[in-house]
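Atom set for the values below is all heavy atoms of this structure, side chains included, hydrogens, waters and symmetry mates excluded. Below, read A as the first sequence line, B as the second, and so on, with proteins coming before strands; counting in each chain starts at 1.
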2 protein chains.
Amino acid sequence: MKYIEKLRNSGLRPTKQRLQICEILFETKKTFHFTINDLAIKIKDQTKNKISLATIYNTVHAFEKKGYLKQIPINSSQTYFDTNTTEHHHFYDLKEEKLIDLENCDVGPINIKKKIDGKKIKSVEVLVKLGD
Amino acid sequence: MKYIEKLRNSGLRPTKQRLQICEILFETKKTFHFTINDLAIKIKDQTKNKISLATIYNTVHAFEKKGYLKQIPINSSQTYFDTNTTEHHHFYDLKEEKLIDLENCDVGPINIKKKIDGKKIKSVEVLVKLGD
DNA sequence: GTTGTAGTTTATAATGATTCTAAAAAGGTG
DNA sequence: CACCTTTTTAGAATCATTATAAACTACAAC
């Protein structure tokens with residue numbers, strides 16, 4: 001199974017629970033945004049198998065560390081993750097508290113002119129807040 | 001005092017505690033980043049007067065709502081605020097967990113091509129993560 | 001100034017996301 | 001199968017933030 005490789009790459013053994021998490025995260029080509037709580041609910045609904053929060057946190061964080069998931073920088077009480085790990089940006093609808101993808105072509109190229117000695121740019125993320 | 005106006009504009013009566021908070025936040029032209037906890041410590045050190053956390057949270061949030069402070073979108077357990085409310089962007093040093101200002105001229109103009117019906121862009125914020 | 005009331009401050013409790021823990025369960029190797 | 005390590009899990013612990021309710025204060029009306 002294709003998920004086993006992802007898990008091993010992330011330093012995780014392929015267990016039943018982790019494979020179920022993979023199925024929800026990576027089954028579809030369509031990427032999406034989620035919080036740990038969203039994911040826990042989805043798992044409970046789709047698999048009838050409750051997976052404990054600790055396991056979900058562990059697995060998601062391992063994927064994030066390996067680059068299979070990305071955190072979305074946003075001020076919210078919960079952490080948002082994105083299954084789309086390509087460089088892209090987001091609208092955040094302040095009223096509905098919803099994230100919307102901005103494809104890379106929706107934003108002109110971003111040119112960071114300042115450099116910090118000894119440091120490399122690891123990511124450039126744009127958050128566009130929307131009001132009415 | 002110049003702070004009284006800021007407080008009244010934010011819908012707050014000028015009290016001793018709030019004026020002390022203003023003095024720390026707005027005394028200097030040099031802007032800075034802080035968390036609520038940073039601010040609480042600064043207050044205790046500089047004024048010898050402990051102000052309760054609830055008051056600090058209330059005051060900071062009122063200023064943020066009015067636009068005298070800005071939240072910095074970043075994934076961290078604490079919320080970061082900025083006394084620089086002009087449109088500008090940030091480096092975030094992942095190892096040292098420190099924010100560094102990027103002046104507007106350090107980043108080329110950002111052109112958001114996508115539009116969402118009925119929504120207005122309220123802010124555009126860029127976070128550049130730095131690693132070694 | 002005194003008084004009244006609505007707004008404030010405060011310590012403390014409550015909340016909620018996340019992390020930790022330790023015991024039970026499962027993976028993987030010989 | 002037997003062993004040892006990793007994993008899962010429920011529940012406890014942590015920590016930032018928010019709510020509460022009682023004591024206090026600003027300030028307007030008198």
Nearest-Å distance for atom pair CD1/C1', residues Ile36(A) and dT19(C): 12 Å
Counting only side-chain N and O atoms of Thr35(A), is one of them less than 4.0 Å from OP1 or OP2 of dA17(C)? no
Side chains of Ser10(A) and Lys65(A), heavy atoms from C-beta outward: is any pair under 4.5 Å? no
Rounded to the nearest Å, what distance is computed from the CG atom of residue Asp38(A) to the C1' atom of nucleotide dT18(C)? 15 Å
What range of DNA chain D does chain B touch, first nucleotide to last, counting atoms under 4.0 Å from its heavy atoms? dA16(D) to dC27(D)
Could you check whether Asp106(A) and His88(A), counting side-chain N and O atoms only, form a donor-acceptor pair closer than 3.5 Å? no
Quick one: Asn37(A) CG to dT15(C) P, roughly how many Å, whole number? 17 Å
Enumerate the residues from residues 49-60 of chain A whose closest heavy atom to DNA chain D is under 4.0 Å, giving them by residue number; use none for an empty result. Lys50(A), Ile51(A), Ser52(A), Ala54(A), Thr55(A)
Does atom NZ of Lys119(A) have more than 12 heavy-atom neighbours, drawn from other residues, nucleotides or ligands, at distances under 6.0 Å? yes
Rounded to whole Å, please give me the gap between CG in Leu7(A) and C1' in dA26(C). 15 Å
Roughly, in whole Å, what's the span from NE2 in His61(A) to P in dC20(C)? 11 Å
Where Thr28(A) and Lys30(A) come nearest, the two heavy atoms and their spacing: OG1-N, 2.9 Å
Atom pair CG/CD1 of Asp101(A) and Ile72(A) - distance to nearest 0.5 Å: 7.5 Å
Distance col, row Ile100(B):CD1 vs Asp93(B):CG, nearest 0.5 angstrom, shows 5.5 Å
For this output row, return yes or no: ring centroids of Tyr92(A) and Tyr80(A) closer than 6.0 angstrom. no
Should the pair Phe63(A) and Phe26(A) be assigned to parallel (<30°), tilted (30 to 60°) or perpendicular (>60°) ring geometry? perpendicular
If every non-hydrogen atom of Leu25(A) is compared with every non-hydrogen atom of Thr83(A), which pair is closest and at what distance? O-CG2, 3.7 Å
I'd like to know if Asp132(B) and Lys120(A) make a salt bridge, using a cut-off of under 4.0 Å between side-chain N and carboxylate O. no
What is the separation between atom CD on Gln17(A) and atom C1' on dA24(C), rounded to the nearest whole Å? 13 Å
Do we see a donor-acceptor contact under 3.5 Å between the side chains of Thr55(B) and Asn58(B)? no
Check: protein-nucleotides 27-30 of chain C nitrogen or oxygen pairs below 3.5 Å:
residue : atom : partner : partner atom : Å
dG28(C) : OP1  : Arg8(A) : NH2          : 3.1

